[in-house]
Every structure is written in C-alpha cells, then in structure tokens.
Amino acid sequence: MAGILVVVEHRKGELRPVSRELIGLATSLKASSGEPVQVALIAADPARHAQALQLAGVDEIVTVQSAGDAFDPEVYEASVRALIAARQPSLVLLPHSVDTLGYAAPLVVRDGHGFTTDVFKVERDGDGWVATRSGYGQKVNVEMEFPGHATVVLTVRPGSFKPVEAAGTPAISSLPAPQVTPRSQHLAFEEPAGGDDVDIPGADFILSIGRGVGEEDNVEQFKELSDSVGATLGCSRPIADSGWLPKSRQVGQSGKTAANCKLYVAMGISGSVQHMAGMKHVDTIVAVNTDPEASIFTIAKYGIVGDIFDIGKELQNHF
Amino acid sequence: MKILVTIKQVASLDEDFEMRGDNRDIDPDFLVHDLNEWDNFTLEEAMRLKEGPGGDNIEVVVATVGPDSADEELRKCLAKGADRAIRVWDDALEEADPIAVARVLAALARRESADLVFAGVQASDHAFGATGMAMAGLLDAPHAAVVAALEYTPGEGTATVRRELEGGTYAVVKINTPAVLTLQLGINTPRYASLRGIKQAAARPIEVVGPVDIGLAAGDTGAAGSLSRVRRMYVPEKGRAQMIEGTPAEQASQLAKIIKEFRGEA
C-alpha cells in the first residue's frame, strides 16, 4: 500500500476551494513519507476541472466520468471504492464537507478501512498515519491511530491547510465508472429566499449576536446598537434557526463568510467550528462572552468577559 | 410504520478537569452529561410525522448506546411522546468509536425493521458526523446526510429532502424509502416536555439489551468493531485574546475606542 489519494470536490461547475487545501496537505505528506500523490476527480465532464488540478507535487490525476455532476452518495462511494482498489493508497484524504458526510462512513464501514473525521493535522508515524481532531467541544485535541489498517480514510477540516497554487505536470489517467443503481435523485439546487438585502460577505464591520441574547425580544436592542456603531448585524446559527434573524445574516459554514470584514464584534457567541469557519480570518475580532473559557477567545484579538447587555448598554453611550 | 430515532448522551467538560490515567480520555468524574442538541430535532421530526396526516400508525422508537446514566436522555424523549425506548450496553462497548456504535444501532434497526431511521448530523461532544451514515452503510439503505427539511407521506416509497450545503445553498433530493437520514439543527422547532409527560416518563420501562442479544458478533463490538483508536488526548496550547479588564463601563469604553479607530474617528 503506497500513495496518497485526494478526492476533490466540485459543485455547480466550480471546484470547491478545500480541494486545493487537500492537495496542499497531500504534497507536504509526500515530502515526509515519499508516497506519490494521486488526485481523483469524479465528474460528468472531467476535462473541465483537470486543468485546474495540474498542480505542483501531484503525480497523477485520475478521473472517473460520472453520469451527472450533482452529488450522489452511491456514485461517490462506488467510485472511491474503485479508486482505492485500483491505486491501493495508504491514505485517502476527503474534505470534511456536507457531501463527504453522505458517503465516507458507508464506504469505510463496508470496506473496513481506518477512518476518522474532521482532522486538522496528519502525521506519518513509522509505517502508519496519525491524525489529530478536536474533542469535547474543541476543548481538547485527540490523536487518532489506525492499527491494522492498510488504508486510512480521513476527512479533513476545511481551512486547515494552505492551498497549492503552483502549477505542475501530473500524468492524467482515467478509470471506468462503476455500475451504480441510483436510490436517490438530485432534483435542484436552492438558494434560501433572501430575508432582507443584507450583504454579510461585503460588510467591512460586523456586529454578530449568538445564543447569549437569550430571547427574541432582546434582538431589537442589538439591531439598534449595530446601527449606532455603524456595523452590519450578523448572527450565529441558533439565532437564524429560531427565526429571530433571517438566514441571510448567519455567519459560518452553512451561512455566509465574512469575506471582506475587517472588524468583527462577536457578542454572546461561544464559537463553534462552523461559526468560526466564516469569520476566523478577520483581522480584528473582539469577543464579548460571559464564559471565560469560550472557544471564541482563542481566535479573537481582544476579549471581554462580561454580560453582553451591560457592555451593549455602555457601548451605546459612546455613539 | 416505525421510525427509529438514535440518540446520544453527550459529555462536556467541567470548568476544571483532569485527564484519565492513560491520557486517552478525560477522567469521567469531570464530565457533565446531556442529550445531544441534534437529538431534540430528530425526535421532533419523528413526532411531527406521527402527529401529521396519515401518521396514526407510526411508532416512534428511541434508542441509544450507553451506560445506565443514558436512561435519563431516553426519558427526556419518552416525556416528549416517544412510544418506546431501548438502551444497548455492555462494558465491551466502552472503547467503541462511532463506527462501532453504528454497528450496534444498525443491528437494532434491523431487529426493529425500522422504515425510517433518524440520527443527528453529529454530536455536540466529539462531532464525528459518522454514526448515522455508517449505520446506513451497514443496513445498505438509501441515505442522505445533513437534511434541513423533510417531506414524507407515511407509507410512500419515496421522500423529498432538502440537504443543507455549505454557504447557504440547499440540494433538493428525492430518495427511496426505507431510508436513513441525518437531520440538521433547525429542521423544526423542538417542543418542550410537559410536566405531565415528564412524570409519566419516569415510570415508563426502558428495554435494556446487550449487543449480542440483538445479533452482533462479539468481534464486532467495542474496540474490535472500531476503525480508529484514540492514542492520546491533550489540552492544546491555544491562542488567547488580549483581555480587556475593568468594569463594564471601562470595557465598553475600550471597545468604543477600537470601533472609532476602525472608523477613522480616533
């Protein structure tokens, strides 16, 4: 067993950015293990993405031509099974994404590969692989090992590794698509109905509220506060799920990314992985939380341990 | 028809905690338990179907893999209207990873001949996001992950699900049933248990079985049925924000200064 197989992800005709991050991880592991890097692409029109995958450090691009482009868990499971059988990799890297959640576990449980998810560090240890993930709500790190498994499948946390940008000259080959009996059918993509015309990705100053607001009636005072300080009001998932603010204001993995934000004030947000994925890159993050151990303080530049209502009221007096 | 809802008693860390002697987990004395946040939504979705059109004959069975203490979480579900509760446990399951837990739950789903299986997308403690879909693989059942809306008429051969993708996009998928679905937060608004429900649930039976009783081979339980092993657990060195101390007025004044500097006013 030798080789590091990366399965890239695409949606609506675009390669998802995490794909190049996985290749970044794979090429750095190639340096420590000497194992070649194979990049697999499962798509209806592989030629469309193959060019973008000709990256430095990649030894081979293997394409599997699927009937359609929309994700189908059975197609991905069967295709990755065929890829593993053909290339016999010691390590398979998949993005820790919504699509992968749908097929990685069924694949490994049937084929008996070593497996863990949402890893942000991968190391070579002798002949084996060791992967690190978070536990207990990100309070601890956990090193996972995979004794007795010739092939280890890992899903990798997006945003954890530097994407490869430099071009390379990998060999290109293809595998025949395996036969799959469909059991589900992609009907359509949907964008949520825009609740209001707020532009989270475009905003340079965001004041975001989370569970700490407690109840719906309290949202209004933070709307007023964000207006007076000149910020765009954002929120974390529980606020949008409760319908207290429209989904278009949700910052995070399943919401919007604060792409152009320079100042982010997080009030009453403890900081889940999913929320932080949408804002941890912001230059200046100020977090206000009653819990001094809240995860958000590990990525914030400034922290205030305190009650968001007290701080909010006092802050209002300055504007 | 029958809906199996698989739940988990999750653990979070006390303010102060210590590692277990082997440094592979936390000393259990320092763990605080609760029902996984996602499981409030999976149970509610099952109850929604049961109480909706054509749902009269739906039996909602809630199941978990865990020690005695997990009964508390099953009772929370009984209090909200689940018909039956099952707990599977054996000391051999102590070292089970999510895959080994899925083997137990899949065996149970098979015994129960469940028409639909609902699991949370992930659990709030370790967030593997693997158990539900691993169960689908073992059952060789149609499956969809991260479902944020479900349309299903009891007895029909297909369901329509809305999968929540990254960046606020959804995929609408038609799926054959019986099926295994992992459900996302926000798919519904979970109810609170009534006082009467809580009282009644306290007296309801919980079926407790061992993995072998439901047909699992000894070689498939716990560490033997796992695809990973914890080598070491540790508290990472973390970045730490520069803390703004003082009274709320003083803290807010510093924050105001940061905002005004950003706005070019200071």
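Every heavy atom of this structure was used, including side-chain atoms; hydrogens, water molecules and symmetry mates were not. Chain naming here is simple, since letters A, B, ... match the order of the sequence lines and numbering starts at 1 in each.
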**Message:** Tell me whether Asp204(A) is salt-bridged to Arg263(B), with the criterion being a basic N under 4.0 Å from an acidic carboxylate O.
**Reply:** no
**Asked** Between Glu261(B) and Lys262(A), does at least one N-O distance fall below 4.0 Å, as a salt bridge requires?
**Response** no
**Asked** What is the minimum heavy-atom distance between Ser184(A) and Val173(B), and which atoms define it?
**Response** CB-CG1, 3.8 Å
**Message:** At a 4.5 Å cut-off on heavy atoms, which part of Asp111(A) comes close to chain B: side chain, backbone, both, or neither?
**Reply:** neither
**Request:** To the nearest 0.5 Å, tell me how far Asp125(B) CG sits from Ser134(A) OG.
**Result:** 12.0 Å
**Message:** Could you report the tightest heavy-atom contact between Arg163(B) and Asp99(A), atom names first, then the distance?
**Reply:** NH2-OD1, 3.0 Å
**Item:** Contacting region of Val273(A) [heavy-atom separation from chain B under 4.5 Å]
**Value:** neither
**Asked** Looking at Phe17(B), does the NZ or CZ of Lys139(A) lie under 6.0 angstrom from its six-membered ring centre and within 45 degrees of the ring axis?
**Response** no
**Asked** Relative to chain B, which segment of Asp291(A) carries a heavy atom at a distance below 4.5 Å: side chain, backbone, both, or neither?
**Response** neither
**Request:** Specify the closest pair of heavy atoms between Val140(A) and Pro236(B), including all atoms of both residues, with the distance to one decimal.
**Result:** CA-CD, 3.9 Å
**Asked** Has Arg211(A) got more than 12 heavy atoms of other residues, nucleotides or ligands less than 6.0 Å from its CZ?
**Response** no
**Asked** chain B heavy atoms under 4.5 Å from Ser272(A): which part of the residue, side chain, backbone, both or neither?
**Response** neither
**Selection from Met233(B), Arg240(B), Met133(B), Arg229(B) maximising heavy-atom pairs under 4.5 Å formed with chain A** = Arg229(B)
**Request:** Measure the CZ-CG distance between Phe128(B) and Leu101(A) for me, rounded to the nearest 0.5 Å.
**Result:** 13.0 Å
**Fill in**
Rounded to the nearest 0.5 Å, the CZ atom of Phe115(A) sits from the CG atom of Asp97(B) at a distance of 9.0 Å
**Request:** Measure Lys12(A) against the heavy atoms of chain B and call it side chain, backbone, both or neither at under 4.5 Å.
**Result:** side chain
**Item:** Distance (rounded to the nearest 0.5 Å) between Ser226(B) OG and His149(A) NE2
**Value:** 8.5 Å
**Request:** Could you look at Val286(A) and say if it's the side chain, the backbone, both or neither that has a heavy atom under 4.5 Å from chain B?
**Result:** side chain
**Item:** Between CD1 on residue Ile259(B) and CG on residue Leu207(A), distance to nearest 0.5 Å
**Value:** 7.0 Å
**Item:** Engaged part of Thr155(A) at the chain B interface, taking heavy atoms whose separation is under 4.5 Å
**Value:** neither
**Asked** Between Phe262(B) and Phe205(A), is the gap from one ring center to the other below 6.0 Å?
**Response** yes
**Request:** Measure distances from Gln138(A) to the heavy atoms of chain B and classify the residue's part below 4.5 Å as side chain, backbone, both or neither.
**Result:** backbone
**Complete:** Assert top hit (heavy-atom pairs under 4.5 Å, partner chain A, pool Gly132(B), Gly168(B), Ala144(B), Ala145(B)) equals Gly168(B)
**Message:** Need one label for Val265(A): side chain, backbone, both or neither, based on atoms under 4.5 Å from any heavy atom in chain B.
**Reply:** side chain
**Request:** Might you point out which heavy atoms bring Asn176(B) and Pro182(A) nearest each other, and give the distance in Å?
**Result:** ND2-O, 4.4 Å
**Item:** Pairing of Arg16(A) and Glu166(B) as salt bridge, 4.0 angstrom limit
**Value:** yes
**Request:** Taking only Lys NZ, Arg NE, NH1 and NH2, and the carboxylate oxygens of Asp or Glu, determine whether Arg237(A) and Glu164(B) approach each other closer than 4.0 Å.
**Result:** yes
**Message:** Heavy-atom cut-off 4.5 Å, strictly under: side chain, backbone, both or neither for Gln274(A) against chain B?
**Reply:** side chain
**Asked** Can you tell me how far CD of Glu191(A) sits from OG1 of Thr169(B), rounded to the nearest 0.5 angstrom?
**Response** 4.0 Å
